[in-house]
Participant: 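Have a look at this one.
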2 protein chains.
Amino acid sequence: MKKVSISDIARKAGVSVSTVSFVMNDKAVKMRISREVIEKVENVAREMGYRPNQLARGLRTGKTKTIGLIVENISNAFFAAMAKTIEDEAKKYDYKVVYCSTDNDETKARELISMLSQRQVDGYIITPTLNLAEEIRRLQAENKPVVLIDRYFPEHEEIPSVLVDNYAGVAEGMEFLFAKGYQNIGLVTIEADMAHMHDRLQAYYDTLRKHDMPQDRRLVKQVPYGYVHEAALEEVEDFLTGDGKDCDALFFLTNYLGVLGIEAAKKLNIRIPTDKAFLCFDDNDIFRLYTPTISVIRQPICEIGQQAMAALIERLRHTGTETLPENAPIKLAAELVPRESI
Amino acid sequence: MKKVSISDIARKAGVSVSTVSFVMNDKAVKMRISREVIEKVENVAREMGYRPNQLARGLRTGKTKTIGLIVENISNAFFAAMAKTIEDEAKKYDYKVVYCSTDNDETKARELISMLSQRQVDGYIITPTLNLAEEIRRLQAENKPVVLIDRYFPEHEEIPSVLVDNYAGVAEGMEFLFAKGYQNIGLVTIEADMAHMHDRLQAYYDTLRKHDMPQDRRLVKQVPYGYVHEAALEEVEDFLTGDGKDCDALFFLTNYLGVLGIEAAKKLNIRIPTDKAFLCFDDNDIFRLYTPTISVIRQPICEIGQQAMAALIERLRHTGTETLPENAPIKLAAELVPRESI
DNA sequence: GAAGAGGGCTAAAACGATTTAGTTATCTTT
DNA sequence: AAAGATAACTAAATCGTTTTAGCCCTCTTC
């Protein structure tokens, strides 16, 4: 059984293809199609179970009503939640979203952009990797709007972005630790190759300086990217028993690092918060449930998704208008969620 | 800057559109295009940054090299992991996957199928909801292969499916609990409206009968579908303090229910396994990390994804051949992972 | 030197929609 | 009754590919 096309309907209803098209697109009245013909066409279309072919439509109109969402890893709780929000948000504007994961790999990111571009998506929401700015400029040059989320390129304000205020979030966390009397705060992070991680790291150092505390590089552990779980865990364990042994508090700069942290602490029998207080950037189911519950700096995931979508839609509407009012990164406030780990 | 099309290249290279097409599709040799022309076209295409328009290609060939993946909820760890496997697997066969969530809503599932069908995906991998068989038959009638995962329709063997052996998995879990000496085993489940949940429930009752234990309906708690987190949590708490108070072990039939279980136990100060042993169907990061670690029946997620993909690819290849060799549900063995909670 | 074979390319139809510019018939208007 | 307006449609181009059929040229071969 083949799919029914607009011309099948035209034939059966005894009208032209154009007429059917007008009826199916609610342009019948504007095109002065008569009541009877409209009804006839609608009935035939319903009976035959007509569904417009979006490829053909997209080819002709140049609009696919689809946006491409590129995240780091869709199976990570943060991005999964983000994807869900964006999908729901997109539906409100009658857009469909197709998502893909970069695994933080530059090459893969490029391939994904290329793939989405070939599939003619109307716009993009992207969690960029390093060195992706040029590729993104190319999309913009093709008049395809792009909005970055979670990360941004400080030197490229022509690419709009929506993210949490990383600096303020970490600063608030540090102030909280100081207020609770912790003096020797260790940091666990990943390579600060992109601006958002750099901002977080900078806030750590700046807050230490503000409180006239020494800035000891050895208290900052960088877990290299791309390690498998076991290797990364070992890195954290080494830190907890080595350079970070005397810390009274640990600040984990990502969700995943926090999970590694509690796993390591568990293995090493480090009591939280008695031996070390724990604070993590970005929330996670585990942190809410673990004993003790883990304090976090929570990102406003929904709001980021909503604002990103809103920004994208606005640009989709005014496509052609090259200069847009506001392009500086939109930075949303993080929320400190104190729990038992501090 | 507009996108460059095949005819732009043809013009610039001074050849016909067909020639360019042959070169771009590696049919140049078969079509006896000369070495020089091939190189010329390839160079021009590279210089101009040509990317084929997949809409046009799909429209012409009837193949989009895209498969639709419909799961219950992409932000659930189980489905997120499944999606990742399937995406990776699809790439091996040079397919792209677009995924969407039903939220277990029949209507939404229908809409998603319709949307994917309009976008002309070549095949489907679906976690079905109730009453979806007819809709799926329609896809098959249009010659679009479908493979179900995680759930199935026992009365529709013409729709192939790949899933864990739910019955055997739960039976193994029950035997393990008995072997450890637990006598009074409560069950927490959701509505058994679909066969896979029915199979799990049946295994519970059958194993009890096999051991000549009473089958007490009150020890089976059904958490209704669609409750918000707080309401569902309350349901579990009520059970733990009410009908299930005297159980020495609890078997949670899904991942999410298990999480609710530990959350409730924590709130009610129920010690695991001292007060009650915990066993959960389907693994989760939390279960590995929680104190105590939670024993689970682990589903072979990767294998399910791989086999589903393999089955789909086979059907994509032999499209037109209506009768396929093996169509009975493919049931893969679950694995008991004993941890501290028992 | 005519027929046939092959080499090297191109024209044009087709896929399924949208959209512009008509066309035809009927109705006003003067 | 001729001119213009309007109502109710339709023809055909177009989007960017793929693919079939065929064209033209040169070389064999007898």
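Naming: A, B, ... by sequence-line order, numbering from 1 per chain.
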Participant: Specify the residues of residues 35-54 of chain B, ordered by number, for which at least one heavy atom lies under 4.0 angstrom from an atom of DNA chain C.
Facilitator: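 Under 4.0 Å from DNA chain C: B/Val37.
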Participant: Who pairs with A/Thr19 by side-chain hydrogen bond (donor to acceptor under 3.5 Å, both in side chains), at least two apart in sequence or on another chain?
Facilitator: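 Testing A/Thr19 for side-chain hydrogen bond (donor to acceptor under 3.5 Å, both in side chains), a comparison that skips the adjacent residues, returns A/Ser16.
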Participant: Taking five pairs at each end, how big is the angle between the two axes of the helix from C/dG1-D/dC30 to C/dT30-D/dA1, to 10°?
Facilitator: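 For the helix from C/dG1-D/dC30 to C/dT30-D/dA1, the axes at opposite ends meet at about 70°.
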Participant: Within this structure, what is the NZ-to-P distance between B/Lys65 and D/dT18, rounded to whole angstrom?
Facilitator: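 To the nearest whole Å, that distance equals 13 Å.
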Participant: Roughly, in whole Å, what's the span from NZ in B/Lys30 to P in D/dT18?
Facilitator: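 The answer, rounded to whole Å, is 13 Å.
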Participant: Quickly work out the B/Asn25 CG to D/dT20 P distance and round it to whole Å.
Facilitator: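 In whole Å, D/dT20 P and B/Asn25 CG are 13 Å from each other.
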Participant: Return yes if some donor-acceptor pair links the side-chain N/O of A/Asp103 with the main-chain N/O of A/Asp105 below 3.5 Å, else return no.
Facilitator: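 Side chain of A/Asp103 to backbone of A/Asp105, a donor-acceptor pair under 3.5 Å: no, none is there.
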Participant: Within the structure provided, determine whether A/Ser101 and B/Lys84 are in side-chain contact (heavy-atom separation under 4.5 Å).
Facilitator: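 Yes. Closest side-chain heavy atoms under 4.5 Å.
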Participant: What are the bounds, 5' to 3', of the part of DNA chain C that sits under 4.0 Å from heavy atoms of chain A?
Facilitator: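 That gives a stretch of C/dG16 to C/dT20.
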Participant: Taking all non-hydrogen atoms of both residues into account, name the closest pair between B/Glu87 and B/Val97 and its distance.
Facilitator: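 Result for this residue pair: CA-CG1, 3.6 Å.
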Participant: Show the nearest heavy-atom pair for residues B/Leu69 and B/Ala83, with the distance to one decimal.
Facilitator: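 B/Leu69 and B/Ala83 have their closest heavy atoms at CD2-CA, 3.8 Å.
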Participant: Okay, side chain of B/Asp122, backbone of B/Lys65: is any donor-acceptor separation there less than 3.5 Å?
Facilitator: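 Yes, the answer is positive, given that a donor and an acceptor are paired below the 3.5 Å cut-off.
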Participant: Grab the NZ-C1' distance between A/Lys27 and D/dA7 for me, whole Å please.
Facilitator: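 To the nearest whole Å, that distance equals 20 Å.
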Participant: Got a sec, which residues hit side-chain hydrogen bond (donor to acceptor under 3.5 Å, both in side chains) with A/Asn73, two or more places apart in sequence or on another chain?
Facilitator: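 Checked A/Asn73 against side-chain hydrogen bond (donor to acceptor under 3.5 Å, both in side chains); matches are A/Ser75.
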Participant: Output all residues satisfying side-chain hydrogen bond (donor to acceptor under 3.5 Å, both in side chains) with B/Thr129, sequence neighbours left out; order by chain, then residue number.
Facilitator: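 Partners of B/Thr129 under the side-chain hydrogen bond (donor to acceptor under 3.5 Å, both in side chains) test: none.
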Participant: Apply side chain to side chain contact (heavy atoms under 4.5 Å, CB included) to A/Met48 and list each qualifying residue two or more places apart in sequence or on a separate chain.
Facilitator: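 A/Met48: side chain to side chain contact (heavy atoms under 4.5 Å, CB included) contacts with A/Val4, A/Asp8, A/Ile9, A/Lys12, A/Val44.
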Participant: What integer distance in Å separates B/Leu59:CG from D/dC15:C1'?
Facilitator: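 For the pair B/Leu59 CG and D/dC15 C1', the rounded distance is 9 Å.
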Participant: So if I take residues 10-21 of chain A and measure heavy-atom distances to DNA chain C, which residues fall below 4.0 Å?
Facilitator: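 Hits under 4.0 Å, by residue number: A/Val17, A/Ser18, A/Ser21.
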Participant: Should A/Ile313 and A/Leu316 count as side-chain neighbours, where that means a heavy-atom distance under 4.5 Å?
Facilitator: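 Yes; the side chains approach each other to less than 4.5 Å.
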Participant: Give me the atom names and distance for the closest heavy-atom approach of B/Leu55 to A/Gly58.
Facilitator: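 So the two residues come closest at CD1-C, 3.7 Å.
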Participant: What are the atom names and distances for every N/O pair under 3.5 Å that joins the protein to nucleotides 21-26 of chain D?
Facilitator:
none

Participant: Please list all pairs passing the side-chain hydrogen bond (donor to acceptor under 3.5 Å, both in side chains) test where one or both residues lie in residues 24-38 of chain B, with sequence neighbours left out.
Facilitator: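 Matches after skipping sequence neighbours: B/Ser21-B/Asn25.
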Participant: From the list D/dT19, D/dC15, D/dC9, which nucleotide is the closest neighbour of the side chain of A/Arg60?
Facilitator: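 The answer is D/dC15, which lies nearest to the side chain.
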Participant: What heavy-atom pair brings B/Thr66 and B/Val98 nearest, and what distance separates the two atoms?
Facilitator: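 Looks like CG2-CG1, 3.4 Å.
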Participant: Would you list the pairs meeting ring pair (Phe, Tyr, Trp, His ring centres under 6.0 Å) in which at least one residue belongs to residues 93-142 of chain A, sequence neighbours left out?
Facilitator: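 Only A/Tyr99-B/Tyr99 qualify under ring pair (Phe, Tyr, Trp, His ring centres under 6.0 Å).
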Participant: Between A/Lys3 (side chain) and A/Arg51 (backbone), is there a donor-acceptor pair under 3.5 Å?
Facilitator: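 No, the answer is negative, given that no donor and acceptor are paired below the 3.5 Å cut-off.
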Participant: Just to be sure I understand the rule, does A/Arg32 reach a base, reach only the sugar-phosphate, or reach nothing, if contact means heavy atoms closer than 4.0 Å?
Facilitator: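 The residue A/Arg32 makes base contact.
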Participant: Kindly write out the residues that satisfy side chain to side chain contact (heavy atoms under 4.5 Å, CB included) with B/Ala81, not counting sequence neighbours, or none if the list is empty.
Facilitator: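 Counting only residues at least two positions away or on another chain, B/Ala81 forms a side chain to side chain contact (heavy atoms under 4.5 Å, CB included) with B/Ile301.
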Participant: With respect to the phosphate group of D/dT17, does any side-chain polar atom (N or O) of B/Thr61 fall under 4.0 Å of OP1 or OP2?
Facilitator: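 For B/Thr61, the contact criterion (side-chain N or O under 4.0 Å from OP1 or OP2 of D/dT17) is not met.
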